[in-house]
K.L.:
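What follows is a single structure, and I will ask about it in a moment.
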Amino acid sequence: MKTSEPILSLRNVRKYFGGVKAVDGVSFDVYPNRITGLIGANGAGKTTTFNLITGFYKPDEGDILYKGERINGLSLHQTFHKGLCRTFQISRELKLMTVLENLMLVPPDQSGENLLKTWFMPGVVRREEIKNRDKALSILESVGLLHLKDEFAGNLSGGQKRLLELGRTMMAGAEMILFDEPGAGVNPTERKTLAARIRSLVDNQNITVLLIGHEMELVMDICNPIIVMDWGKKLAEGTPDEVANNPEVLEVYLGGSKK
Amino acid sequence: MGLLNFFISFAVMATIYSIFVLGLNVQWGYTGLLNFGIAGFFAVGAYTSALFTMHMPTGALANYVTQAFGLGMPFLVGVIAAAIASGLVSILVGALTLRLGEGYLAIATLGIAESIRIFFNNESWLANGPQGLVGLPQPLHNLVSPQYYSYVYLVIVLIFLAVIYIAVEKGIRSPWGRVLRAIREDEIMANADGKNVVFFKMQSLVVGAMIMGIGGALYAHYSAAIQPGVFEALFGTFIIWTMLTLGGTGNNKGGILGAWIVWAIWSWSTYLIAKVVPASFATRAPFIRYVLIGVLLIVIIVRFPKGIMGEERQVSKF
Amino acid sequence: MLELLIYGIVLGSIIGLGSVGLTLIWGITDLFNCAHGDQITAGAYSALLFVTLFNKMGILKGIVGPFSFSWGVLVAFIPAILISVILAILIDRWVYKPLRKAGATSITGFIASIGVAWALRGTIYIIWGADFHFYNTGLRPTIILHNIGIKFRVDEIFIVIISWLSVAVVYLFLSKTKMGKALRALADNPTLAQVSGINTERMLIWAWGIAGLLIAISGVLYGIETQLRPEMGWIFLMPLFAAVILGGQGSITGALIGGLVLGIAQQMSTAFMAPSYKPAVAFIIMILVLIVRPRGILGRRYS
Amino acid sequence: MSILQLENIVSGYGSMEVLHGVSLNIEDGKIIALLGPNGAGKTTLLRTIFGVVKPTQGQVLFKGSDISGTPPEKMTKKGICYVPQEGNIFPTLTVQENLEMGAFTREDDWRLRMEEIFEFFPSLTDRRKSSAGELSGGMRQMLAIGRALMVNPEVLLLDEPSTGLAPVLVDHIFERIAALNKQGVTVLLVEQNAQALSAADKAYIIEGGENKAEGSAEELRNNEEIGRLYLGR
């Protein structure tokens, strides 16, 4: 199963908030071109783990290695520039900006982000904008939001916001994407389409995915391996079958009624 | 003739206020930075330009006026120095406050502006303390006779307004402005999209503050006299907020419109109050404006939360 | 130094009392009320109105015990509180309620409250003018403790006791009574409070009423300690904001501690720099604390 | 006999209409599940029943009398309680104070009732004095339901009580809901997950603010089209 070097490694990572051990000594590896699942109950520390990886929080202890490089202590925008892109549990979109603007914001290091260049090198800025616009339009077409390109992002439905989020990760040109509950608030049927799109990101664009999910059918279907967290610790790790039959996981997480 | 003169001096002040509104719009309208300390940047700009362009007092005057320096430089140098000084102060303010939440930023800037005013009031060695500075040089003043000077100055401030307007519009409609608006909408999201939020907020704060510094300098040279009392929160900060809120937050044209409307109400009300109110009450009459601007602000907020002109749907130009 | 500490505690108690009402409204409605200071001014002047009236009528002119103020001032507390409570409730009905209905953000409310502040101050200027006023112009008796070499005014004992008593009453009200708990519930989660059968609009009247009560008391105490002028509340607002932020949103005990910290720091600072820098000291402390503890000393929030 | 009836409800927020005419019939003593995709208007429907949102057309009948437009603070007195999906506890209040707030509209003594609720959710008992914000997800959900039960409601409206819980806890919550129902409480349960069907007597499916299907839990489970469209099968 371990065909290559891990792209991301956590080594004994801890994060405490006051007295609460949100993440309590977690270690795992994520291998390239796979969808690794991260499951566990609310409060198990999954989202905090994401926040630690992407630099939203600094770990109190332990190391986070991305492609062999220690990245703990970098901030959110710095990990983005390393090639890590994340989504959020509750869709966040830039509400009073259009769908197209939401995507055009994403490409890193745009020369038009330098105020002096917007005044003195308008030609360069313009050419780049046209390039980014065309890329954004083609992504919108592929996720099926092209007809909404001039709509305010805040006016999209729950499912459309998830698609916009997906488009955003495609726009980022990231090597690894961390999805925080991409299926939340999406009905079971739409969820299947979403799963297929995530699958195709991995298969066709050599992207690595780490995914937090609550919907067992989604996670069991597309993730391998799966990591189970409970009370800030890693409880189990393995293939979907191994996890589903792990007695400890059955007891504290899945319960008897599940397969 | 009197009415025309009145109108021209009204227009000069409305134009200067339009410049302040543009500065605030960069900070609040496009980035969501609650700057309640405009008066502080206003004061820094005005005093810097005054100190750069005036000469050190000599002779008998030196006994009554103390100031740290007087470089006697040209008007334009004063304005540029005002922008730079105001920008530097904003970097200091930003370093202290930009990591705080939005409400905290508002109160911190309010406090800093008050502190700046207290500083100018207390430290007489710097700019003559509470008496302030008088006799600021006026550019091109020998071009026309003094009673027509406002006409010349109106042209000068209009040129400044036009240049600043174009520069701000260029910036806002480019990817730079897009990042600012993204920060306004959702800071964390902008950060997750790889933008260095603190750095961009700092840029917005500094650009806005430099514009306010220029506004302060233009005001100082027009009135030719400044003292700390001018830079109180009503005249220096809240009237500008009223203008932007009325005109339309996040819309530069709307902001300028708001500046002209509010300043019209403000200056006409002085005139009207003076006519209507009996002479025995004259000392208290100016305070009717306090009530007026207060009630106006409430009515605007309650009736037109988005202002006269709202933000356009598509801001980026590509 | 000890003397400055005592002055600091007096000032801190007044700041603490003033900021409790502010933090209460902030906690419950999410509104940072910029008019709080000017409402304090209005409270102080409403008492002045009645003190002047009593003096004209020639009643209640006797001085209370060892203090500097007359019985008229003590009696005037009652109408001042009434006026302040009604004013607070009316402002909420006329300004903030429409904003709530329109779903406006707390920032919008903050800007509107600036409008309220200016309107109130302008009105006070128009009625009473810009001059200073005093409740009583007589002597202000002092106590001198010779053995430790400090002196303070007798009034200050009264001020400290009333401040602490008022804060304690509000604290007990919020933690022990059903109405108090409902107010805290409303601060925590307005929608759920409504769902639980709590009439939120009626509770907000209570909240503003309590704020009005505290405002009047702190206004009159502040007037006894110093003197009355139209900007008194606005200038006072700066340390109040700082105290509330130091204490953490909605925390009563936090506001009191924040007030004491600021009062002491401000008075102590006069040993090193000009007294007119006192407001600036408040701000520097506030910013420093916020950098270390972004939610204030006692502030906490759950997701 | 039906305890709660919705007739052709039209409602929404401001100019945005979410429900375009939904009818439900909730029988006394049953568990009714309300299923449908995200954005179908399920939460809006609960909020409309409870008076948080006022219907622009149609009627909500409780025991035969029209209660549409009654403000939410009066609903608990009538015997209807509502547990929202998110923000369903007061985080800085203690567990006990949370329950006390549930009894806000009771004028009689509610202490006995509080003890009954602690018996019903025993794991809450040793956390009485803790701030509710410190509880785990499962305990929060129990507290939220406990708060609603303080007034002995006849009808309980639950909005996705299983969200974010471990499957093992979901089983537990559904088991408690069934136990409540045995005590005679009528439950209207909004859910996305198909598991709700096994707990319910009857289910309605709504989509796009309109009724799509209804039937016994059994019928809907065996209907292939519904399974494919709404249950992700």
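Bear in mind the structure is a predicted one, so any value in this text is a computation, not a measurement. To find a chain, count down the sequence lines: A is the first, B the second, and so on, and within it residues start at 1.
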K.L.:
Could you tell me the separation between the CZ atom of F104(D) and the CE atom of M179(C), rounded to the nearest 0.5 Å?
P.N.:
5.5 Å

K.L.:
Decide yes or no for L93(D) and D188(C): does some side-chain heavy atom of the first lie under 4.5 Å from some side-chain heavy atom of the second?
P.N.:
yes

K.L.:
Can you name the one residue among R47(D), R147(D), M101(D), M75(D) that meets side chain to side chain contact (heavy atoms under 4.5 Å, CB included) with V195(C)?
P.N.:
R147(D)

K.L.:
For N88(D) and N189(C), which heavy atoms make the closest approach, and how far apart are they?
P.N.:
N-ND2, 4.3 Å

K.L.:
If you draw a 6.0 Å radius around OH in Y171(C), do more than 12 non-hydrogen atoms from other residues or ligands fall strictly inside?
P.N.:
no

K.L.:
Is it true that E100(D) and K178(C) have a side-chain N and a carboxylate O under 4.0 angstrom from each other?
P.N.:
no

K.L.:
Within the structure provided, determine whether N199(C) and K74(D) are in side-chain contact (heavy-atom separation under 4.5 Å).
P.N.:
no

K.L.:
How far does CD of Q96(D) sit from NZ of K181(C), to the nearest 0.5 angstrom?
P.N.:
8.0 Å

K.L.:
Select one option (side chain, backbone, both, neither) describing which atoms of Y82(D) are under 4.5 Å from chain C's heavy atoms.
P.N.:
both

K.L.:
Answer with yes or no whether the side chains of R184(C) and T92(D) bring together a donor and an acceptor at under 3.5 Å.
P.N.:
no

K.L.:
Which heavy atom of G197(C) sits nearest a heavy atom of T76(D), and at what distance?
P.N.:
CA-OG1, 3.9 Å

K.L.:
What residue, out of S196(C), A193(C), A182(C), has the most heavy-atom pairs lying under 4.5 Å from chain D?
P.N.:
S196(C)

K.L.:
Any chance CZ of R128(D) has more than 12 other-residue heavy atoms, nucleotides or ligands included, within less than 6.0 Å?
P.N.:
yes

